[in-house]
Structure formats: C-alpha cells, structure tokens
Amino acid sequence: MIGDQQRPRRNRASHQIRELVAETVVDRRKLIMPHFVQEGKNIREEIVSMPGVCRVSVEHLLKDIETDYKAGIDKILIFGIPDKKDEVGSGAYDRNGVVQKALREIKKHLPGVMVITDVCLCEYTSHGHCGMVDGGIILNDPSLELLARTALSHAESGADMVAPSDMMDGRVRAIRQILDSNGFDDMPILAYSAKYASAFYGPFREAAGCAPQFGDRSSYQMDSRNAREAEKEVILDILEGADIVMVKPALSYLDVISRIKRLVNVPLAAYNVSGEYSMVKAMAKLGYGDEARLTKEVIISIFRAGADMIISYHTRDIFTHGWF
Ligand code: PBG
C-alpha cells in the first residue's frame with residue numbers, strides 16, 4: 001500500500017526513541033522566576049489567585065531567593081509594591097524605594113543571583129496607569145523621563161538588567177540614553193516589546209495592586225487582534241537599543257512568538273503570565289488535570305514556538321519537583 005514505507009509510529013514506540021526524536025529540549029537554565037517584594041517588615045501574604053506565589057517583604061524575599069538558589073534558580077525578575085502611591089509614581093524612582101532596597105540586599109547577600117527589574121509606574125501610581133495621566137489621558141513623552149529615572153535607579157542599586165513593561169513609545173531609547181550617560185553602557189535592556197492588553201494579567205493586578213482606577217490599558221498595550229503590529233513594535237525596540245525583546249502573554253500569542261523568532265536575530269523572551277499560571281493551578285486544584293503534565297506542556301509549547309527564555313511563576317515548581 002502506498003505510504004506504508006512511512007509509519008510515524010515507529011518513532012514513538014519507546015520512551016528512548018521518543019527522547020531521541022524530540023525536537024524541543026527544555027533547559028531549566030532558561031527560566032526566570034518572578035517575585036513580588038512589598039514595602040514593610042515581616043510580610044508574607046499568599047496571592048489568593050496564584051497559589052504558591054506570595055507578596056513578601058525584603059527579609060522574606062532574601063530567604064525565598066536563597067532557597068531557590070540552592071535548588072538551582074539563579075535568574076529572577078522583581079516587582080515592587082510600595083507603601084504609598086501618588087500621581088507621578090514617585091516610589092518607582094526613589095533611591096529608597098522597595099525595589100532599590102531589595103536590590104542592594106540581594107546583591108549583598110546573594111551575589112550569584114542575576115536580578116532583572118520590571119520598569120513601570122503602574123504599581124506606584126494612585127491611578128494605576130503605567131505612565132503619567134492628565135485629564136484622563138495617559139501622557140507619553142512626560143512619562144519617559146520618569147521611566148528612565150526608574151531604570152537608572154535600579155541600575156545604581158545593583159540590577160543586572162532592566163525590563164521596561166510600560167509600553168510608552170520611545171521608552172527604550174530614553175532608558176538607553178540615561179543608562180549610557182551615567183556609565184551603565186553595559187546594562188542590558190529586556191524590552192516588553194509586544195505586550196498585549198490582556199485579561200490574563202488579572203491575578204497579577206491582584207498581586208501588585210495595580211489595576212487601573214479608570215479606563216483600561218488599551219491606549220498603550222497592544223490589541224490582541226494584531227500580529228503584524230508586534231513585528232513593528234519589536235523592530236522599533238531593537239532600533240532604540242533593546243538587547244532582548246519579549247512577547248507577552250505567551251499562550252494566546254504563540255503565533256506571535258514564532259513570527260518574531262523568524263523576523264529578528266536578537267534573543268526572544270516570553271512571559272508566561274499570571275493568568276496562565278492560575279489556570280493551571282485552578283485545573284489542578286479542581287482535579288481537572290495533572291499539574292506536572294499541564295505545566296510541562298505549557299512550558300514546552302512556549303519553547304517550541306521559539307522563545308529563547310521564559311519568565312514563569314512555575315519556575316520554582318519545575319526546579320523543586322525536577323519536572324525537566
Ligand atoms: C506592569 C506589568 C504587568 C505585568 C507585568 N508588568 C501588568 C499589567 O500590565 O497590567 C503582568 C504580569 C503577569 O500577569 O504575570 N506594567
């Protein structure tokens with residue numbers, strides 16, 4: 001019979017042959033673990049919608065990072081949750097802001113850990129938007145200076161890489177310029193380049209208390225209907241000086257990840273966001289699926305699509321359970 005020469009099942013007959021023919025090999029060294037650090041002392045609050053993820057004050061953060069480091073996790077992303085918020089997000093670029101303090105402590109006690117910082121204003125603004133606001137409008141250019149100051153203060157406090165997530169136009173250039181003119185020309189920028197306005201950020205907003213107080217983020221984050229526009233955003237960020245570009249969220253945007261991978265030759269990150277994590281945790285909790293298998297399939301799919309690295313809240317579980 002025609003076609004009988006090829007029987008794809010031959011390559012699936014044993015776990016050994018499946019290992020040999022596997023096209024995607026997950027390397028745990030390409031995972032980044034996010035953390036939420038909160039101003040204050042002795043705070044550890046589990047985020048209800050994200051089982052296993054907590055908001056912690058600096059001393060608990062150090063403990064968590066140290067435990068993770070012993071398990072092999074040496075790349076982290078940190079988000080700050082300040083005590084006070086204001087119109088202009090002062091806490092974001094305060095020398096004694098929560099992220100800046102955390103950076104100094106991490107670098108002092110755990111110098112082997114690479115720390116990436118999220119550069120944005122939304123956790124620090126009273127209105128919850130990622131830039132400055134005037135009369136209900138999110139202002140672009142006036143926000144750039146504040147974002148640049150935020151990135152510089154992270155660099156001065158010991159960050160290894162800065163990751164702007166605000167989606168204002170021109171922020172990568174503004175950050176590159178301020179870093180260069182202050183002697184941080186070696187500091188890499190991981191740009192959230194194709195960041196979509198997504199319902200999958202819901203749990204994060206609970207975690208960071210940064211839901212917008214009016215309107216939504218669709219005047220600056222991307223429209224989920226657009227993929228070609230992601231190419232434009234990525235190219236602009238590279239021209240402005242991004243060293244690594246990112247697609248976010250990951251699972252509903254696997255096609256975007258694979259387009260960007262083909263389009264450009266800079267490393268590509270993907271953010272496996274809070275809602276994607278919560279879905280897996282919720283399924284596992286309800287008994288609708290096996291957590292280990294679900295998590296592995298999620299992570300494999302993002303690498304298979306073309307990501308070179310993944311930011312994922314599953315990182316700790318993956319290391320502690322030895323899932324890869
Ligand atoms: C802040 C920021 C957000 C996320 C990362 N940085 C939230 C948002 O844009 O609303 C989402 C991360 C996640 O959902 O895990 N600008």
Side-chain angles (χ1 to χ4, degrees), residues 31-37 47-55 76-82 85 89 91-93 98-99 116-125 127-133 138 140 143-144 146-147 150-151 154 161-169 171-172 175 189-224 233 245-253 269-282 295 298-299 302 307 310-316:
L31 298 175
I32 299 163
M33 177 73 199
H35 290 274
F36 297 98
V37 56
I47 298 150
V48 179
S49 53
M50 300 175 73
V53 180
C54 296
R55 269 189 301 258
I76 64 169
L77 170 68
I78 56 175
F79 293 96
I81 305 156
K85 301 180 190 245
Y93 38 91
V98 60
V99 165
I116 308 169
T117 56
D118 186 86
V119 174
C120 196
L121 301 180
C122 68
E123 297 95 338
Y124 305 90
T125 50
H127 44 72
H129 280 288
C130 305
M132 295 235 296
V133 168
I138 291 84
N140 196 86
S143 305
L144 299 182
L146 303 184
L147 291 161
T150 304
H154 292 176
M161 195 183 314
V162 290
S165 68
D166 53 283
M167 287 300 276
M168 297 298 128
D169 295 334
R171 89 277 207 213
V172 175
I175 290 172
I189 299 175
L190 162 56
Y192 287 68
S193 302
K195 178 176 178 183
Y196 287 87
S198 172
F200 287 99
Y201 304 151
F204 175 94
R205 292 185 188 168
E206 180 208 324
C210 69
Q213 298 303 302
F214 67 89
D216 58 28
R217 303 208 202 290
S218 47
S219 75
Y220 43 105
Q221 298 182 345
M222 284 184 60
D223 186 316
S224 58
E233 284 281 7
V245 293
M246 197 200 299
V247 172
K248 176 189 175 184
L251 289 185
S252 291
Y253 302 89
Y271 201 137
N272 175 212
V273 302
S274 56
E276 298 170 349
Y277 174 84
S278 300
M279 279 198 300
V280 168
K281 288 285 177 182
T295 305
V298 163
I299 296 295
I302 303 169
I310 303 176
I311 299 167
S312 177
Y313 304 95
H314 293 295
T315 299
R316 180 178 294 135

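Counting starts at 1 for both ligands and their atoms, in listed order. Side chains included, hydrogens not; waters and symmetry mates left out as well; all remaining heavy atoms used.
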Next on the checklist: So if I count the atoms of ligand 1 from 1 in the order they appear, which ones are less than 4.0 Å from some heavy atom of Val273?
Outcome noted: 13 (C), 14 (O), 15 (O)
Next on the checklist: Could you check whether any side-chain heavy atom of Met50 comes within less than 4.5 Å of a side-chain heavy atom of Glu206, counting everything from C-beta outward?
Outcome noted: no
Checklist entry - Counting from 1, what ligand 1 atoms have a heavy atom of Arg205 closer than 4.0 Å? => result 8 (C), 10 (O)
Checklist entry - Hey, which atoms in ligand 1 end up nearer than 4.0 Å to a heavy atom of Tyr271? => result 12 (C), 15 (O)
Checklist entry - Under 4.5 Å between any side-chain heavy atoms of Ile189 and Pro164, yes or no? => result yes
Item to check | Sub-4.5 Å side-chain heavy-atom contact between Ile81 and Phe36 | outcome: yes
Item to check | Any Asp166 heavy atom less than 4.0 Å to ligand 1 | outcome: no
Checklist outcome for this item: Any heavy atom of Ser274 under 4.0 Å from ligand 1? The part involved is both
Checklist outcome for this item: The side chain to side chain donor-acceptor pair (under 3.5 Å) partners of Asp216 (sequence neighbours excluded) come to Ser218
Checklist entry - Which residue owns the protein heavy atom closest to atom 3 (C) of ligand 1, what's the atom, and how far is it? => result Phe204 CE2, 3.3 Å
Next on the checklist: Using a 4.0 Å cutoff against the non-hydrogen atoms of Lys248, which atoms of ligand 1 qualify?
Outcome noted: 2 (C), 3 (C), 4 (C), 5 (C), 6 (N), 11 (C), 12 (C)
Next on the checklist: With a 3.5 Å distance limit and no angle check, can you tell me whether Ser278 reaches the backbone of Ser49 through a side-chain donor-acceptor pair?
Outcome noted: yes
Checklist entry - Strictly under 4.0 Å, does any heavy atom of Gln221 approach an atom of ligand 1? => result yes
Checklist entry - At a non-hydrogen distance cut-off of under 4.0 Å, which region of Tyr277 contacts ligand 1 (side chain, backbone, both, or neither)? => result neither
Item to check | Heavy-atom gap Glu276 to ligand 1 smaller than 4.0 Å | outcome: no
Checklist outcome for this item: In this structure, atom 8 (C) of ligand 1 is nearest to the protein heavy atom Arg217 NE, 3.5 Å
Item to check | Side-chain heavy atoms of Phe200 within contact of Lys248, under 4.5 Å | outcome: no
Item to check | Sidechain-backbone polar pair: Asn140 side chain, Asp169 backbone, donor-acceptor under 3.5 Å | outcome: yes
Item to check | Non-hydrogen side-chain atoms of Val298 and Val280 separated by less than 4.5 Å | outcome: yes
Checklist entry - Can you tell if the side chain of Met222 reaches within under 4.5 Å of the side chain of Tyr253, non-hydrogen atoms only? => result no
Item to check | ring pair (Phe, Tyr, Trp, His ring centres under 6.0 Å) partners for Tyr93, two or more places apart | outcome: none
Checklist entry - If you count the atoms of ligand 1 from 1 in the order shown, which ones are under 4.0 Å from a heavy atom of Cys122? => result 1 (C), 16 (N)
Checklist entry - Hey, which atoms in ligand 1 end up nearer than 4.0 Å to a heavy atom of Tyr313? => result 12 (C), 13 (C), 15 (O)
Checklist outcome for this item: Of all protein heavy atoms, the one nearest atom 16 (N) of ligand 1 is Lys195 NZ, 3.0 Å
Checklist entry - Backbone, side chain, both or neither: what part of Ser165 comes under 4.0 angstrom of ligand 1, heavy atoms only? => result both
Item to check | Subset of ligand 1 atoms that lie under 4.0 Å from at least one heavy atom of Phe79 | outcome: 5 (C), 6 (N)
